[in-house]
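Below: the structure, in structure tokens.
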Amino acid sequence: MNMQLTFLMEILSILSTTFAPLNLPRSSALILALLYAVRRPLNCSEIQSMTGYSKSAVSAALKVLESHRLVHKVKSGRRNHYSPSLTLPRLVAESHLMMLRSARDRIRELSRRFPQHGDSLSLLDFEISSVISTFEASLHGVGGTGED
């Protein structure tokens, strides 16, 4: 494997791991990482050659990303080109905010099921809710959707 490809694969691994809270299939996370890494819209053929995925795997992964509104599809001639729909800071912040909200919801469910642990669970709920509030406030200063 040449150095350029090794470097790209390492970057994709790092970026795709940060998308874990989104619960995307591995191929979708890797393609999204690729779109952020190359910093330009890519068509399916380019994605195939850079990832080694088959045409059907790329198509399926892009459908997942489109359904989550994580990519823009732009027609260019007879081909579609794809680019991220959110800035990277915004995506990472939003995905981690989703993870925190999910954790808070699960703690609230536990609090209903196990009222004898209400005090400790209430404290956890409060702490996570505080982190969520801080995160939400900071999102106002983080890059937007890229749609202007």
Would you check if [X] and [Y] make a side-chain contact, meaning some heavy-atom pair closer than 4.5 Å?
| X | Y | value |
| --- | --- | --- |
| Leu62 | Asn80 | no |
| Leu15 | Leu88 | yes |
| His81 | Lys73 | no |
| Leu35 | Tyr82 | yes |
| Thr6 | Met9 | no |
| Leu34 | Leu8 | yes |
| Tyr36 | Leu91 | yes |
| Val64 | Pro25 | yes |

From [X] atom [atom1] to [Y] atom [atom2], the distance as rounded to the nearest 0.5 Å:
| X | Y | atom1 | atom2 | answer |
| --- | --- | --- | --- | --- |
| Arg26 | Thr17 | CZ | OG1 | 8.5 Å |
| Leu30 | Leu12 | CG | CG | 5.0 Å |
| Leu70 | Ser83 | CG | OG | 11.5 Å |
| Glu66 | Ser59 | CD | OG | 8.5 Å |
| Phe19 | His68 | CZ | NE2 | 13.0 Å |
| Thr18 | His96 | OG1 | NE2 | 7.0 Å |

Going by an N to O cut-off under 4.0 Å, is there a salt bridge joining Glu136 and Arg101? yes
Closest heavy-atom contact between [X] and [Y]?
| X | Y | value |
| --- | --- | --- |
| Gln48 | Tyr53 | CG-O, 3.5 Å |
| Leu32 | Leu24 | CD2-CD1, 4.2 Å |
| His72 | Pro84 | CD2-O, 3.7 Å |
| Ser16 | Ala33 | N-CB, 3.8 Å |
| Pro21 | Ser95 | CB-O, 3.2 Å |
| Val38 | Leu42 | CG2-CD1, 3.6 Å |

Summary of side chain to side chain donor-acceptor pair (under 3.5 Å) pairs that have at least one residue in residues 110-125, sequence neighbours excluded: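 Matches after skipping sequence neighbours: Arg108-Asp125, Glu109-Arg112, Asp125-Ser129.
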Could you tell me whether the side chain of Ser76 and the main chain of Arg79 form a donor-acceptor pair under 3.5 Å?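 No, Ser76 side chain to Arg79 backbone: no donor-acceptor pair under 3.5 Å.
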Is there a continuous path of hydrophobic side-chain contacts, each under 4.5 Å between heavy atoms, that joins [X] to [Y]?
| X | Y | value |
| --- | --- | --- |
| Phe114 | Ile128 | yes |
| Phe126 | Leu97 | no |
| Phe7 | Ile14 | no |

All salt bridge (Lys or Arg N to Asp or Glu O under 4.0 Å) counterparts of Glu127, not counting sequence neighbours: none
Test side-chain contact (heavy atoms from CB on, under 4.5 Å) applied to Glu94 and Met99, step by step: CA-CA 9 Å; Glu94 293 281 356; Met99 180 181 61; over 6 Å; no
